[in-house]
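Presented below is the structure to which this report refers.
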Amino acid sequence: MRVFGSDRWDARRERGPRSRAHKFLTRAGLVVFVLLAIPTAAAALLWSRAETSNVGQLEFERKLAIPPLLEPTEDEAGTKVFDLEMSEGTSELLVGEATHTWGFNGPYLGPTLRASRGDRVRMRVSNALPETSTVHWHGMHLPAAADGGPHQTIEPGKTWSPSWTIDQPAASLWYHPHMMGETEEHVYRGLAGVFILDDPRSDELELPREYGVDDIPLIVQDKRFEEDGELSDSQGLISPIGQLGDQILVNGTSDPYLTISTTRVRLRLLNGSSARSYDFGFADDREFDLIATDGGLLEAPEPMDRIQLSPGERAEIVVEVEPGEEVVLRSFEPDLGAVDFFNARFVGADDSFDILELRAEDELEESPPVPTVLTPQEAPDASEAQGVRRFELGSRDINDVEMDMSRVDQTVPVDTTEIWEIENRAGIPHNFHVHDTRFEVLEYAGEPPEAALGGLKDTVLIPPGETVRIVVRFSGYTDPSTPYMFHCHLLEHEDRGMMGQFVVVEPGEDAEEPTAHGEPGHNHAEDH
Ligand code: C2O
Ligand code: CU
Ligand code: CU
């Protein structure tokens with residue numbers, strides 16, 4: 001409400017001692033009235049305008065862009081080497097408009113990376129931006145020094161080459177910058193990409209898996225544009241969660257359609273937005289199968305007609321189409337919990353969007369039915385939990401403190417199972433993301449988790465006033481001086497300090513003060 005600051009100041013100055021008592025009181029009353037009425041009227045106006053929907057308004061005129069698969073090279077040791085370069089560029093995000101954007105190996109977003117369980121990978125990330133950044137592998141189990149959090153900075157002109165062995169089930173992960181205080185801006189400008197992991201089980205399952213044909217990544221992001229076509233980075237006057245855009249891009253394409261040539265298609269949905277949550281479904285309410293969440297494939301497909309994703313979350317769904325039909329993937333009003341009536345509108349709870357039109361060809365190749373059994377879950381066992389850690393989310397803090405890169409907030413012994421209890425004490429939605437691991441939701445707002453939260457996760461929405469209990473295990477890598485992060489993945493909250501650091505240590509080992517550039521992590525797994 002900065003715009004009203006000057007009115008308030010002038011009004012207060014007029015309230016001088018020269019006024020007589022009754023005049024003073026009248027004036028004071030008027031001042032109070034004006035002070036209350038103007039902002040209230042303005043807030044009401046903003047409130048009425050804040051509801052955003054494009055439902056029924058899109059033409060679906062542009063072919064959905066599919067991020068190219070990045071072919072790795074192989075070094076003598078058999079390591080798969082992926083080359084990524086962050087740079088500035090210009091993109092036509094809106095038809096006929098040039099927008100300055102950032103991307104990996106191109107002007108916007110990045111290529112899709114793909115690797116299999118057991119692969120040794122090396123990422124060579126060079127920075128051709130005018131600013132320091134980092135690249136984090138969201139959802140990846142890896143040494144802390146390879147994690148790409150705020151400590152692993154890459155200065156302009158420099159290259160960072162972390163390496164690790166993929167050791168987790170098939171899943172749809174993603175990568176994005178994690179620069180302290182700058183994550184929102186760097187991701188919003190376009191730095192994000194999908195990282196697909198395969199494993200022997202996923203290779204043999206009869207699921208749609210031909211990339212770009214019947215297996216399609218969908219990076220969903222909301223944007224706001226200035227008149228001149230540039231991305232707007234104003235924070236929004238009232239929003240308690242950061243800016244919410246009024247335009248939706250999928251893989252950087254506005255107004256997109258996707259041609260389908262098979263009877264079933266697998267959509268890998270990634271909410272790559274800064275603050276907006278989506279409740280995905282189809283315009284005709286058709287059912288689809290949820291087959292995977294953040295951490296990978298479920299035990300069995302779950303039929304449903306909505307899947308809600310908060311920022312950072314992923315879901316893989318398989319949907320069936322009839323020859324020649326068109327159906328719209330839509331985001332319905334998300335359920336963000338008990339946000340008060342006023343704030344609900346400013347956190348996007350009243351918003352809905354058409355996202356993408358699926359257009360089936362007149363002749364479709366028959367896809368096999370979705371297997372009834374997917375994959376056994378490698379879940380931590382809650383009965384082995386050795387303790388409970390509590391996290392209390394405030395409006396901008398966790399456990400009453402804001403992020404401090406030199407402070408380790410939690411020290412976790414390796415190879416132990418723990419319960420983490422996360423309570424949202426603010427009146428606005430937050431979510432909670434933990435690096436390096438996948439967790440299982442034990443209890444969600446006092447209830448057992450719904451099917452959509454039944455698999456392994458790395459990010460989960462924490463509704464206002466509610467508590468979510470998860471069971472989590474950190475295995476393999478220890479490093480007492482290089483922390484991993486836990487944080488709210490609403491990026492403005494993360495940037496403003498809603499983040500904490502944990503180190504994974506050998507039993508009995510103490511945390512050390514984090515070093516700016518962590519030495520390569522000590523690989524506990526390779527010692528045994
Ligand atoms: Cu997707 Cu710590 O981030
Ligand atoms: Cu992450
Ligand atoms: Cu938050």
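When a ligand or atom number is given, it counts from 1 through the structure's own listing order. These numbers come from the heavy atoms of this one structure, side chains and all, not from hydrogens, waters or symmetry mates.
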### Query
Do H435 and H178 pass the ring pair (Phe, Tyr, Trp, His ring centres under 6.0 Å) test, and can you show the C-alpha distance, the side-chain angles, and the key distance before you say yes or no?
CA-CA 12 Å; H435 286 209; H178 215 300; 4.9 Å; yes

### Evaluation steps, salt bridge (charged side-chain N to carboxylate O under 4.0 Å, His left out), between R276 and E333
CA-CA 11 Å; R276 186 178 286 292; E333 296 177 14; over 6 Å; no

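Classification of D458 and R438 as a salt-bridged pair fails, no side-chain N sitting under 4.0 Å from a carboxylate O. Ion pairing between R124 and E85 fails under the 4.0 Å rule for side-chain N and carboxylate O. Taking 4.0 Å as the cut-off between side-chain N and carboxylate O, D233 and R189 count as a salt-bridged pair. Taking a cutoff of 4.0 Å between a charged side-chain nitrogen and a carboxylate oxygen, E316 and R314 do not qualify as a salt bridge.
Protein nitrogen, oxygen and sulfur atoms, that is N, O or S, within less than 2.8 Å of atom 2 (Cu) of ligand 1 amount to 3.
With ring centers used as reference points, F332 lies 6.0 Å or more from F353.
A perpendicular orientation is assigned to the rings of W420 and F502, their planes being inclined by more than 60° (bins at 30° and 60°).
Residues forming a ring pair (Phe, Tyr, Trp, His ring centres under 6.0 Å) with F432 (at least two apart in sequence, or on another chain): F391, F486. A search for ring pair (Phe, Tyr, Trp, His ring centres under 6.0 Å) contacts involving W174 returns H138, H176, H489, not counting sequence neighbours.
The Cu ion (ligand 2) has no N, O or S atom of H138 inside 2.8 Å of it.
Within a radius of less than 2.8 Å around the Cu ion (ligand 3), the protein N, O or S atoms are H430 ND1, C488 SG, H493 ND1.
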